[in-house]
2 protein chains.
Amino acid sequence: MDVRNLCLGILTLGDATGYEIKKAFQDRLNLLYDASFGSIYPALNKLTEEKLVSCRAETQTKRPDKKVYSITEAGKAAFIKELQKDPLPDKFRSDTLATMIFTHFLSRDQITRMLDEYIQYYEENINALSTGCDLKGSPAEQFLCGFGVAVRSAAINYLKENRHLIEAEAQQVDTAAE
Amino acid sequence: MDVRNLCLGILTLGDATGYEIKKAFQDRLNLLYDASFGSIYPALNKLTEEKLVSCRAETQTKRPDKKVYSITEAGKAAFIKELQKDPLPDKFRSDTLATMIFTHFLSRDQITRMLDEYIQYYEENINALSTGCDLKGSPAEQFLCGFGVAVRSAAINYLKENRHLIEAEAQQVDTAAE
DNA sequence: CTGTGCATGTAAATCGTTACATGATTGC
DNA sequence: GCAATCATGTAACGATTTACATGCACAG
């Protein structure tokens, strides 16, 4: 699923402008996928060319003109076909966790700070998910929200309960260096 | 942290060939970062140019020649400097979860199959982590392993306990369609 | 006799972000 | 006055993957 197909998917939920699609990426696909204007607008132009979406211009007096996109029947069919494909495996990349392999090069304070910030980062994630999903959203979206919260809560718990394992290690290094 | 710096980091743990570094990505950075030969070899050549690693050729009779890389003092310093930087935020992208937003386009069987495969995928992840981290590895690596297992276990639990939320939804659609 | 492991590398293609370009409006 | 929101787009750049190119050894 690339930006192109996700734009198509978002348009199955209702007409939208490129700007609104970008917001949908932030709201509905929150923490799951992000896309910049630099990828959304070209995708939308290409989809229009291929007749998978149609576009009507709305002139506005006090704002720049809008281009409102709607998915076509052909677009809907293409998207449903895309959904049939086997999903690609998840991709996860964490700078913080990769750094932790090399904690022996860091001071205890640095490790502590890194862990604190990582925990805080996950807590912010949870807040963003909770406020974004309370009440509003389809059952599927609530399910996904709950998933995000469950996984991040587990991460926080693990970090809090086991951080001493790598902090203690650094302590020893500090002591040994004296 | 790009491939370049991770190669440097892996070389702080001992000399290695490009081929062995690739394996280290799979073993030590398992599920955290992957890199292909197409990125490792050019990175190693560049690092050699910059004198951050040194390279000695080992001719082998029954195998192609090896190039064994060692990190230099300058390389070690550069890597430690890199570690001081604020880590970039995590990146997570899941095709499967993104697909789930659009479960209303899928049949109940498809949803069930997708969930089964996703759970199985996480279970395989956990097996890979467990076998890879039992006994061997530094405390930091064991900590990371434990983290991976904790997070994935939570994911599996959530999926098992809440899958009915999106499966039930599909049921209703099927029934309504009759 | 076929697949897997060892071993290195290049070039093209992919997919995306960042920065740039433009400009009005509204809230603090 | 300054930041944020609305609104669209292009071009350059970046990082990495994929496919290609080559080749021997060993196990099943």
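So that the names make sense, note that chain A is the first sequence line, chain B the second, and so on, each numbered from 1. Excluded from the calculations below are hydrogen atoms, water molecules and symmetry mates; all remaining heavy atoms, backbone and side chain alike, are included. Note that this is a predicted model, so its numbers are computed, not measured.
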Look only at the side chain of S39(A) and the backbone of A35(A), and say whether a donor-acceptor pair between them is shorter than 3.5 Å. no
Whole angstrom is fine here: how far is it from CD in Q26(A) over to P in dT17(C)? 12 Å
Polar side chain donor-acceptor pair, D90(B) to Y118(A), under 3.5 angstrom: yes
Rounded to whole Å, please give me the gap between NZ in K22(B) and P in dT16(D). 13 Å
Let me have a per-nucleotide readout for nucleotides 4-16 of chain C, 5' to 3', with B, S or -, counting only protein heavy atoms under 4.0 Å. -BBBBBB-----S
Electrostatic pair R163(A)-D116(A), nearest N-O below 4.0 angstrom: yes
Treating E20(A) as the side-chain partner and T17(A) as the backbone partner, does any N or O pair qualify as donor plus acceptor under 3.5 Å? yes
Report the relative orientation of the aromatic rings in Y19(A) and F37(A); use parallel for angles under 30°, tilted for 30 to 60°, perpendicular for over 60°. parallel
